[in-house]
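Structure, as structure tokens:
Note that the structure is predicted; figures quoted are calculated from it, not measured.
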Amino acid sequence: MFSDENDNTRDEEWEAEQDLVNRFTETVIKKHENSFFDSDDMMVIIEHFIQDENFDKARQAVNYAYNFFPSDPDIMLKDAKVNLAEGHFDKAYNLLEESRLGGDEIEYYFTLGQYHALRNNHAKAIDAYSQALSLTDDPYERCNIHYGLASQYMSTEQYDKAITSLRKSAISADPVHREIIFLDLRHCYQYTNRLGEAIDYFNEYIDKDPNCLAAWNSLADCYRKLEHYDEAIEYYEYALSINPIDVYANINLTNIYYDNEQYQKAIDTINEALENGMTENNDTDTILADCLYNLDKPAEAERLYRRALLFNPDDINAWSGLGFIYSDMHSFNKAIQYLKKGIGNIQDDNCLEVLLTLAEAYEKNNDTPEAIDTLSRIIEQWPGDPAAYCMLAKIHITKKDFRLAFETLNTGLLNTNHNSSVEYFMAYSLLLTNHREEGLYYLGLGLQNDIESYQDFINLDPSFLGNDADVIEMIERHRMQQ
């Protein structure tokens, strides 16, 4: 997984390993011929397939090795690793116990740590990894073990210990896995509200290795989390000066422009990266489509959303994007079909906009029960979101169920800390039902909290509210006081 400090030695080892793997693949797997490999060679071959997560070939290599070395404890350790990947935990544990006395002690404890980690026995995993760590001074092995420890510390929310282990793991990591370590490190610093320390750490790392792409990206990420967008842009651009087609830097730089509604800059960033040779994928198509949608170019956006789905038919962002387009076109049957496919993890805040649009599509499609059910899901998951209360109250008003409408709005006022949009909708509902004095009272609250949204209030029912003299007089009075 990680490399030694001596790059030349590692390159030679990698070439020798690749020759072994190629010979095994050609003779044993493809031609089904017997070819002798000593036990050390088989260990290298099996571990190569494990690290490549090619567990079918790893299983073939283990079975082949048993033909020649049926009682080799180190082969059993590799077999235990493959069984863990296959989900055969009991068999893996039995193999570990069988190989304990004669196999490589460091690998035994490391694999035992992996076993306990997969069984969510975090304390036992930490003990096993710690035992492995005490047995080796090899930078490659210690790097692996520190990362295993860090994973368990993160799982148990021991973020200070995770940070220590991750920093030690990063010392000997290769560029690919250093990026993974830095990502976890950023998350730990963020969870502990220590992004300032993270910035210091990545700056120190850059001082030692100015061409470390992962460090520049990590530094930019920290500033992005702090919403210091100018600095974040600067450091993503530093990363791109090292590798102009780095997907991570290009996507995150694009997302900054997108989040700040600079859609054309976002498009230009992705297009420049593609022109420089960055590989096109469903993420690039989806981001470009999102930008085009926000630039009121739905036809171009739809084409890219559909192309993104050719890359990945399960891309929820592309499905929801199509749902938004068809909702805008008032083609609600299709909108519902696409939006339902665009609902991802209900815990994800990005899901909120999809569910709100889906609820509206159900309502416009005269499917009131589904609309109510969807809005109820939103309120359960996001009780502080004002839009769901207003939409649900509107449905109840349409059904002439004013009691439920007012119950919904009162709950919304309580859960949103008297959000102005809920106050405005309460004012409208009260005025509509001839509760004039209370309606004007809530209108006053809405105007005090957010005078800029008075036109949105009028637009709730222009013919009714726009011709109410008391309403217009109150709005003008509050505007004059600003």
Side-chain angles (χ1 to χ4, degrees), residues 1-14 51 137-151 153-154 159-192 194-257 269-270 272-273 276-279 281 283:
M1 181 176 178
F2 299 101
S3 65
D4 291 329
E5 293 176 348
N6 190 319
D7 291 339
N8 290 331
T9 301
R10 187 59 183 156
D11 286 344
E12 291 172 5
E13 291 175 353
W14 183 87
Q51 293 302 326
D137 293 321
D138 181 79
Y140 170 82
E141 292 176 335
R142 291 181 70 82
C143 188
N144 260 318
I145 298 165
H146 277 303
Y147 188 77
L149 278 168
S151 298
Y153 289 136
M154 285 187 286
Y159 295 116
D160 289 341
K161 289 183 177 181
I163 287 170
T164 300
S165 293
L166 287 166
R167 288 176 66 153
K168 289 178 179 178
S169 184
I171 293 171
S172 299
D174 65 36
V176 173
H177 294 96
R178 188 182 297 124
E179 188 169 336
I180 297 170
I181 293 167
F182 281 175
L183 180 62
D184 287 335
L185 195 53
R186 293 194 299 277
H187 288 161
C188 289
Y189 277 121
Q190 185 179 353
Y191 290 140
T192 53
R194 294 160 58 190
L195 282 173
E197 287 183 44
I199 288 170
D200 291 340
Y201 170 78
F202 292 123
N203 272 319
E204 290 172 11
Y205 203 101
I206 287 167
D207 287 341
K208 297 174 187 175
D209 184 2
N211 292 318
C212 178
L213 181 65
W216 284 110
N217 278 329
S218 299
L219 186 60
D221 282 350
C222 292
Y223 280 109
R224 185 182 175 197
K225 293 293 183 184
L226 292 169
E227 298 184 2
H228 296 174
Y229 296 120
D230 289 342
E231 290 91 340
I233 289 170
E234 178 183 356
Y235 295 129
Y236 284 131
E237 287 179 343
Y238 270 119
L240 291 173
S241 71
I242 297 170
N243 180 8
I245 61 173
D246 179 61
V247 174
Y248 189 89
N250 276 299
I251 294 295
N252 280 281
L253 182 57
T254 300
N255 283 332
I256 288 179
Y257 290 133
T269 300
I270 287 293
E272 182 179 351
N276 287 332
M278 187 177 80
T279 304
N281 56 48
D283 288 335

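Within the structure, salt bridge (Lys or Arg N to Asp or Glu O under 4.0 Å) pairs that include any residue of residues 204-216 do not occur (at least two apart or interchain).
To the nearest 0.5 Å, atom SG of residue Cys188 and atom CZ of residue Arg167 are 12.0 Å apart. Here the NE2-CD distance, from His146 to Glu141, works out to 12.0 Å after rounding to the nearest 0.5 Å. Atoms CD1 and CG, on Ile163 and Asp184 in that order, are 11.0 Å from each other to the nearest 0.5 Å. The line from CD1 of Ile199 to NZ of Lys225 is 13.0 Å long, rounded to the nearest 0.5 Å. Rounding to the nearest 0.5 Å places CE of Met154 at 9.0 Å from OH of Tyr191. The line from CG of Leu185 to CD of Glu197 is 10.5 Å long, rounded to the nearest 0.5 Å.
With hydrogens and angles disregarded, no donor-acceptor distance shorter than 3.5 Å links the side chain of Arg142 to the backbone of Asp137. Within the 3.5 Å criterion, the main-chain N or O of Ser165 finds no donor-acceptor partner in the side chain of Ser169.
Every residue meeting the side chain to side chain contact (heavy atoms under 4.5 Å, CB included) condition with Tyr229, not counting sequence neighbours, appears here in chain and number order: Arg224, Glu227, Ile256, Asn260. Every side chain to side chain donor-acceptor pair (under 3.5 Å) that Asp160 has, sequence neighbours left out, goes to Arg194. With sequence neighbours excluded, no residue forms a side chain to side chain donor-acceptor pair (under 3.5 Å) with Thr254. The side chain to side chain contact (heavy atoms under 4.5 Å, CB included) search around Glu231 returns Tyr223, His228, Tyr235, not counting sequence neighbours.
When side chains are defined from C-beta on, Thr279 does not count as touching Val247, because their heavy atoms never get closer than 4.5 Å. In this structure, the side chains of Leu149 and Thr164 stay at 4.5 Å or more apart for every pair of heavy atoms. Using a 4.5 Å heavy-atom cutoff, the side chains of Leu213 and Pro175 are not in contact. Residues Tyr147 and His177 form no side-chain contact, since every pair of their non-hydrogen atoms from C-beta on lies 4.5 Å or further apart. Looking only at side-chain heavy atoms (C-beta outward), Tyr140 and Ser172 stay at 4.5 Å or farther from each other. Taking the side chain as every heavy atom from C-beta outward, Tyr205 and Arg178 approach each other to under 4.5 Å.
Between Ser218 and Ala214, the closest heavy-atom pair is OG-O, 2.7 Å.
The closest side-chain donor-acceptor pair between Asn217 and Asp246 falls under 3.5 angstrom.
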Please tabulate, one pair per line, all N/O donor-acceptor pairs under 3.5 Å involving side-chain atoms of residues 236-245, not counting sequence neighbours.
| from | atom 1 | to | atom 2 | distance (Å) |
| --- | --- | --- | --- | --- |
| Tyr236 | OH | Asp221 | OD1 | 2.3 |
| Ser241 | OG | Tyr238 | O | 2.5 |
| Asn243 | OD1 | Ile245 | N | 3.2 |

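Ring geometry for Tyr201 versus Phe182: interplanar angle over 60°, hence perpendicular rather than tilted (30 to 60°).
No more than 12 heavy-atom neighbours from other residues, nucleotides or ligands sit within 6.0 angstrom of CD on Glu272.
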Q: Might you work through the side chain to side chain contact (heavy atoms under 4.5 Å, CB included) test for Tyr159 and His187, ending with a clear yes or no?
A: CA-CA 9 Å; Tyr159 295 116; His187 288 161; over 6 Å; no
